[in-house]
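Structure, as structure tokens:
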Amino acid sequence: MIDLLRAERARARREREVVVADPALRGPGASVSEVDDGLASSFLCCHPSLSVTSQVALTLRAVGGLTTAQIAHAHGVDEATMGTRIGRAERRSAEAGARFTLPVGDRDRAARAVAVMRVLYLVFNEGCTASAGEELSRVDLMAEAIRSARMLRAALPEEAEAAGLLAMMLLLWSRRAARTGADGVLVPLEEQERSLWDV
């Protein structure tokens with residue numbers, strides 16, 4: 001237990017140091033407090049030794065908190081296949097000597113941002129239409145993805161895809177109250193009560 005607590009404190013310290021040391025993760029309009037551990041960890045997990053698919057799967061598991069089954073559903077494969085992919089990504093990271101390090105240069109940062117945006121999209125998507133459970137949506141996942149997407153947009157103000165991702169999330173979020181009827185059944189867009197939209 002002591003080792004786990006020490007490791008957790010060390011991880012949090014490393015993540016804070018990353019954000020403080022790299023102004024590009026904050027952007028000109030974002031303060032250190034506006035880029036939290038989760039978003040910084042997403043950048044750190046997307047190691048260039050991995051394919052984008054592996055980066056996304058590993059980050060969804062390690063940072064996004066999704067289960068292997070949820071990640072498999074998001075990628076359209078079975079759970080065993082995704083479990084193998086995640087295990088392979090973990091081994092490859094270890095073999096490549098992957099460490100929690102800053103993205104090196106604009107090119108590396110841009111490449112990692114692509115994977116981070118996919119992670120945020122898939123977390124939001126799982127929240128919007130949950131792959132398991134009795135509820136159609138998981139508002140907690142949607143809200144967390146939007147919060148991180150806002151920080152990403154502030155950190156990378158020149159990245160049009162970050163702005164587009166946030167806009168898409170906010171559009172779907174604004175209609176969430178009208179997505180289901182009183183019986184919990186999905187309501188088609190053309191039949192939704194527009195007065196319930198948050199516009």
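Residue indices begin at 1 and follow the sequence shown. Reckoned from all heavy atoms, side chains included, excluding hydrogens, waters and symmetry mates.
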Original post:
Excluding sequence neighbours, so at least two apart, what forms side-chain contact (heavy atoms from CB on, under 4.5 Å) with E190?
Top reply: P188
Subject >> Those residues that, when tested against E158, pass side-chain contact (heavy atoms from CB on, under 4.5 Å) (two or more places apart) >> reply: none
Original post:
Rounded to the nearest 0.5 Å, how far does OG of S148 lie from CZ of R153?
Top reply: 15.5 Å
Original post:
salt bridge (Lys or Arg N to Asp or Glu O under 4.0 Å) with R118: which residues, sequence neighbours excluded?
Top reply: none
Original post:
What closest approach, in Å, do M142 and G127 show between heavy atoms, and which atom pair accounts for it?
Top reply: CG-C, 3.5 Å
Pair up each side-chain donor or acceptor in residues 58-66 with any protein partner under 3.5 Å, not counting sequence neighbours, and list the distances.
| unit_1 | atom_1 | unit_2 | atom_2 | d |
| --- | --- | --- | --- | --- |
| T59 | OG1 | Q55 | O | 2.7 |
| R61 | NH1 | L66 | O | 3.1 |

Original post:
Yes or no on side chain to side chain contact (heavy atoms under 4.5 Å, CB included) for F124 and L141, after CA distance, side-chain angles and deciding distance?
Top reply: CA-CA 6 Å; F124 183 84; L141 289 180; over 6 Å; no
**OP:** Would you mind listing every side chain to side chain donor-acceptor pair (under 3.5 Å) that reaches into residues 70-80, with sequence neighbours excluded?
**Re:** T67-Q70, Q70-E126, D78-T81
Original post:
Taking a hydrophobic cluster as the set of Ile, Leu, Val, Met, Phe, Trp and Tyr residues connected by side-chain heavy atoms closer than 4.5 Å, whether directly or through intermediates, do V52 and I86 fall within one such cluster?
Top reply: yes
**OP:** Report yes if some heavy atom in the side chain of Y121 is under 4.5 Å from a heavy atom in the side chain of V116; otherwise report no.
**Re:** no
Subject >> Nearest atoms (heavy-atom pairs only) where A115 meets V56 >> reply: O-CG2, 3.7 Å
Original post:
When rounded to the nearest 0.5 angstrom, what is the spacing between CG in L50 and CZ in R85?
Top reply: 13.5 Å
Original post:
Where is the tightest heavy-atom contact between L122 and A74, given as atom of each residue plus distance?
Top reply: CD2-CB, 3.9 Å
Original post:
Got a sec, which residues hit salt bridge (Lys or Arg N to Asp or Glu O under 4.0 Å) with D140, two or more places apart in sequence or on another chain?
Top reply: R138
Original post:
side-chain contact (heavy atoms from CB on, under 4.5 Å) with T84: which residues, sequence neighbours excluded?
Top reply: R88
Donor-acceptor list for residues 163-179 side chains, cut-off 3.5 Å, not counting sequence neighbours:
| unit_1 | atom_1 | unit_2 | atom_2 | d |
| --- | --- | --- | --- | --- |
| S174 | OG | L171 | O | 2.6 |
| R176 | NH1 | W173 | O | 3.0 |
| R179 | NH1 | C128 | O | 2.6 |
| R179 | NH1 | S137 | OG | 3.0 |
| R179 | NH2 | T129 | OG1 | 3.4 |

Subject >> Main-chain N/O of R194 paired to Q192 side chain as donor or acceptor, under 3.5 Å >> reply: no
Subject >> Nearest-0.5 Å distance, CG of residue L120 to OG of residue S42 >> reply: 6.0 Å
